[in-house]
Amino acid sequence: MKAEGIYNINAGEIQMKFSQILIPTLREAPSDAEAISHKLMLRAGFVRQLASGLYIYLPLGWRVINKINRILKEEMDAIGAQELSMPVMHPAEIWQTTGRWNEIGAEMFRLKDRTDRDMCLGMTHEEIMTWLASREIRSYRDLPQVWYQIQTKLRDEARPKSGILRTREFQMKDSYSFDADENALDINYKAHADAYHRIFSRCGLKFYQVESDTGMMGGAAAHEFMAPSQAGEDDIVLCDKCGYAANVEVAKSKASDNKLQEWEYEEIHTPQKRTVKEVSHFLKIGHEYFIKSLLMIADTKPVLVLLRGDQELHEKKLAKIIGNFRAASKEEILSILGVEAGFIGPVGHKIRTLADSSLMTGTYISGANKSDYHTRGIKAGVQFNAEWNDLHAAKEGDQCLNCNTPLRIEKAIEIGNIFKLGTKYSVPLKAVFLDNNGNEKPIVMGSYGIGPARIAAAAVEQNNDKDGIIWPKSIAPFDVEIIPLNVTDEKTKEVTEMIYKGLVTEKLEVLVDDRNERPGVKFKDADLIGIPIQVVIGEKGLKEGIVEVKDRMTKQTEKIAVENAVAKIISFAP
RNA sequence: CGGGGCGUAGCGCAGUCUGGUAGCGCGCACGGUUCGGGACCGUGAAGUCGGAGGUUCAAAUCCUCUCGCCCCGACCA
């Protein structure tokens, strides 16, 4: 960034001059950046950190966010959603009415106004949107309604991370649908899902729509939109054959096949071998032929949980059945089961027993319920019985429940989500309407979110190389960067202005690197910043009457006659 | 909230173990030479060593407390 440029600002032809826009590029990334997108956005001068989880968007960063927001608005408007704007600060009473004032803990920023009234900063707007609906919607004739906003949300995250990916203050496009019944909700839900597909495609992202947990939103169904990336915080389970896609939090899977073993029911001596790993190694038999027996304590009551040796317990799935629980201590295992930890087996206990469905078939090895012994030849229904449930976490290589294909797991960034809320908010907040028979009914709602900053971060994660960012054309801060090499050369100046004007006239957004810097510096910065098309104007080329047009992604350069340059560049543009 | 790490010039770091009055590279300012992939020479500006207290003749360095930031985990509309 330099204060001096070759063009006099008062002469005023070229507006977007590198020398005058705040683009503080960095040769090295600050050491506390970890994620690729974080490092690149910092280095390329898109963002700066104010405090943990609080980011400043510099001019380039803000242009990207606004490009994304433009797409969001276009697609929301296209499904008939109406943009409005809600306050960021809310009175506590509304949140108390739905119960979330107490359900949500430290994650909600809370404060008092001068009259000592409890307030909070909005983490989301279900309450407020529903409050509005409760006052303004009376009749089935008023439905459906879809309202949306692109608004700041505040959440006191336990652990902000990865730059812009998980922050304490962020924008969200949140929309809310209001319908007379479930069928109508389904239509709005589908419309949003379709709009989301268009939005993420237009933003140039690779993404999946996956089944997801309803979490604290409650409600009947939910999907997340996931952009695969190493920087992602979620794992998603994918079937390449039938298209099954789910967040691991809710993913279902079948354990891989194991061969039927012709084992007699017998005890085997396994001195000091406790874990599945140890016993498996000792007996030279795969983990999948073992039963893992775990003792859990739920509400002071012990529960025995059985899993196949190669599977892991999915704690949320278990919690849905038995409520909150914890692992029993070694002392509790001894006093409750009379067995030393490491030698527990499924056979012969009187306590409540839950088993993963994968154990219904097959013959297994497990603890013999006495020290230093395991038992071989255990079969469900013969030696033990249990309540059968899906208790294991899906993992790579498990089989798809629909088509038996091995499943894949990918890390992904959650860029959007859609929830069928039902009447969870409309009932407590009394958002009701009269149907055509004059009966009062609660409005059936849906809620739908997208984080623009996460789209930007995911785009960088998915599109970069060793030199920097490669922005998808639709959300790049500029369409074209013109790089005049010698800014003191008259001919260069002339051609630069000519091309700039030609492109601007065609409604392209153009950045001109008018800095009096060495070519190397400009090339490096251009690659770092990642504007999709670079136009290099050099004295050498001008002598032959050409300029060079470079594609940031492919790195291919084309020599174009000066007089054809504008038309050619336009043909590359989005 | 549990575990780990780090705070020294705008950025990246050394110096801390073994106390002696702060240094390197990049960047920045000025002058000159350069000019198609982060040039070179010279000159210069810039640091309450995160903060408070303590030990000591003397603290970036040792001790106590505290604040901030990052990473792993837990948590996560």
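Only a predicted model underlies this, so the values are computations on that prediction, with no experimental measurement involved. Proteins come first, then strands; the chains are lettered A, B, ... in the order of their sequence lines, and each starts at number 1.
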Quiz prompt | From B/C11, B/C35, B/A39, nucleotide with atom closest to A/Val521 side chain | solution = B/A39
Self-check item: Sugar-phosphate, base or nothing in reach of A/Arg48, heavy atoms under 4.0 Å
Solution: nothing
Exercise. Could you check which nucleotide pairs with B/U18 in any of the strands shown, counting Watson-Crick or G-U wobble with both distances under 3.5 Å?
Key: none
Quiz prompt | Sugar-phosphate only, base, or nothing, as touched by A/Gly105 at under 4.0 Å among non-hydrogen atoms | solution = nothing
Practice problem: Taking the side chain as every heavy atom from C-beta outward, state whether A/Ile533 and A/Asp551 have any pair of such atoms under 4.5 Å apart. | Solution: no
Practice problem: Looking only at side-chain atoms of A/Glu28, point me to the closest of B/G25, B/G36, B/A74. | Solution: B/G25
Quiz prompt | Inter-nucleotide C1' distance (B/C11, B/G31), Å rounded | solution = 26 Å
Quiz item: Could you give the CE-to-P distance, from A/Met123 to B/C75, as a whole number of Å?
Solution: 16 Å
Quiz prompt | Whole-angstrom distance between B/C67 and B/C30, as gauged at atom C1' | solution = 40 Å
Exercise. Let me know the distance between CZ of A/Phe523 and C1' of B/G38, rounded to the nearest Å.
Key: 12 Å
Practice problem: Take the protein atom CG of A/Leu58 and the nucleotide atom C1' of B/G10, then report the distance between them rounded to whole Å. | Solution: 14 Å
Quiz item: Do the ring planes of A/His192 and A/Tyr448 sit parallel (below 30°), tilted (30 to 60°) or perpendicular (above 60°)?
Solution: parallel
Quiz item: Side-chain N or O of A/Arg159 less than 4.0 angstrom from OP1 or OP2 on B/A74?
Solution: no
Practice problem: Let me know the distance between CD of A/Glu34 and P of B/G4, rounded to the nearest Å. | Solution: 19 Å
Practice problem: For the residue pair A/Asp156 and A/Met108, establish whether any side-chain heavy-atom pair is separated by less than 4.5 Å. | Solution: no
Quiz item: Would you say the side chain of A/Asp527 and the base of B/G37 hold a donor-acceptor pair, judged only by whether the two atoms sit under 3.5 Å apart?
Solution: yes
Quiz item: Checking all strands, does A/Ser162 fall into the base, sugar-phosphate, or nothing category for heavy-atom contacts under 4.0 angstrom?
Solution: sugar-phosphate
Quiz prompt | Nearest-nucleotide pick for A/Asp525, side chain only, options being B/C35, B/G38, B/C11 | solution = B/G38
Quiz item: Taking side chain as C-beta onward, heavy atoms only, is A/Ile150 less than 4.5 Å from A/Lys73?
Solution: yes
Quiz prompt | Gap in Å between the two C1' atoms, one belonging to B/A9 and one to B/A22, rounded | solution = 11 Å
Quiz item: Would you say B/C70 has OP1 or OP2 under 4.0 Å from some side-chain N or O of A/Ser52?
Solution: yes
Quiz item: Between A/Lys252, A/Lys317, A/Lys320, which is the residue that forms a salt bridge (charged side-chain N to carboxylate O under 4.0 Å, His left out) with A/Asp390?
Solution: A/Lys317
Practice problem: Look through every strand shown and name the nucleotide pairing with B/C69 as Watson-Crick or G-U wobble, where both distances are under 3.5 Å. | Solution: B/G5
Quiz item: Say you pick atom P in B/C24 and the same atom in B/G42; how far apart are they, in whole Å?
Solution: 13 Å
Quiz item: Do any side-chain nitrogens or oxygens of A/Arg27 fall under 4.0 Å of OP1 or OP2 in B/G38?
Solution: no
Quiz prompt | Nearest-angstrom distance, C1' atom, B/G50 to B/U8 | solution = 10 Å
Exercise. Starting at atom CD of A/Glu315, determine the distance to atom P of B/G73, rounded to an integer number of angstrom.
Key: 14 Å
Quiz prompt | Watson-Crick or G-U wobble mate for B/G36, both contacts under 3.5 Å | solution = none
Exercise. Could you check which nucleotide pairs with B/C75 in any of the strands shown, counting Watson-Crick or G-U wobble with both distances under 3.5 Å?
Key: none
Quiz item: Are any of A/Ser31's side-chain N or O atoms less than 4.0 Å away from OP1 or OP2 of B/C6?
Solution: no
Quiz item: Taking CG from A/Asp32 and C1' from B/C71, how many angstroms apart are they, rounded to a whole number?
Solution: 10 Å
Quiz item: B/C26 and B/U43: how far apart are their P atoms, nearest whole angstrom?
Solution: 14 Å
Exercise. For A/Ala33, answer base if it contacts any base atom (sugar-phosphate contacts may also be present), sugar-phosphate if it contacts only those atoms, and nothing otherwise; contact means non-hydrogen atoms under 4.0 Å.
Key: nothing
Quiz item: About how many Å separate CG of A/Leu429 and CD1 of A/Ile128, when rounded to the nearest 0.5 Å?
Solution: 8.5 Å
Quiz prompt | is_close_aromatic(A/His223, A/Phe419), centroid dist under 6.0 Å | solution = no
Quiz item: When you match A/His38 and A/Arg43 each to their closest nucleotide on RNA chain B, which lands nearer the 5' end?
Solution: A/Arg43
Quiz item: So does A/Glu548 reach the base of B/G36 with its side chain, donor to acceptor, closer than 3.5 Å?
Solution: yes
Quiz item: Would a 4.5 Å heavy-atom cut-off, applied to side chains only, mark A/Val510 and A/Glu481 as touching?
Solution: no
Quiz item: Checking all strands, does A/Ala51 fall into the base, sugar-phosphate, or nothing category for heavy-atom contacts under 4.0 angstrom?
Solution: sugar-phosphate
Practice problem: Using the closest heavy atom to pick a nucleotide of RNA chain B for each, name whichever of A/Lys524 or A/Glu233 lands nearer the 5' end. | Solution: A/Lys524
Self-check item: Same-atom distance (P) from B/G27 to B/U64, integer angstrom
Solution: 41 Å
Practice problem: Could you check how far CD1 of A/Ile529 sits from P of B/G38, rounded to whole Å? | Solution: 17 Å
Self-check item: Closest to the A/Gln49 side chain, choosing from B/C70, B/G36, B/G38
Solution: B/C70
Quiz item: What distance, rounded to whole Å, do you find between the two C1' atoms, one in B/C57 and one in B/G15?
Solution: 23 Å
Practice problem: Find the partner of B/G12: check Watson-Crick (N1-N3 plus N6-O4 or O6-N4) and G-U wobble (N1-O2, O6-N3) distances, both under 3.5 Å, and reply none if neither fits. | Solution: B/C24
Quiz prompt | Counter-base of B/C62, judged by Watson-Crick or G-U geometry with both distances under 3.5 Å | solution = B/G54
Self-check item: Nucleotide paired to B/U43 in any strand shown, Watson-Crick or G-U, under 3.5 Å
Solution: B/A29
Self-check item: A/Glu75 side chain vs A/Leu72 backbone, donor-acceptor pair below 3.5 Å
Solution: no
Quiz item: Going by modelled atom types, is there a donor-acceptor pair between the base of B/G36 and the side chain of A/Lys550 at under 3.5 Å?
Solution: no
Quiz prompt | Whole-Å gap separating P (B/G36) and CG (A/Asp489) | solution = 13 Å
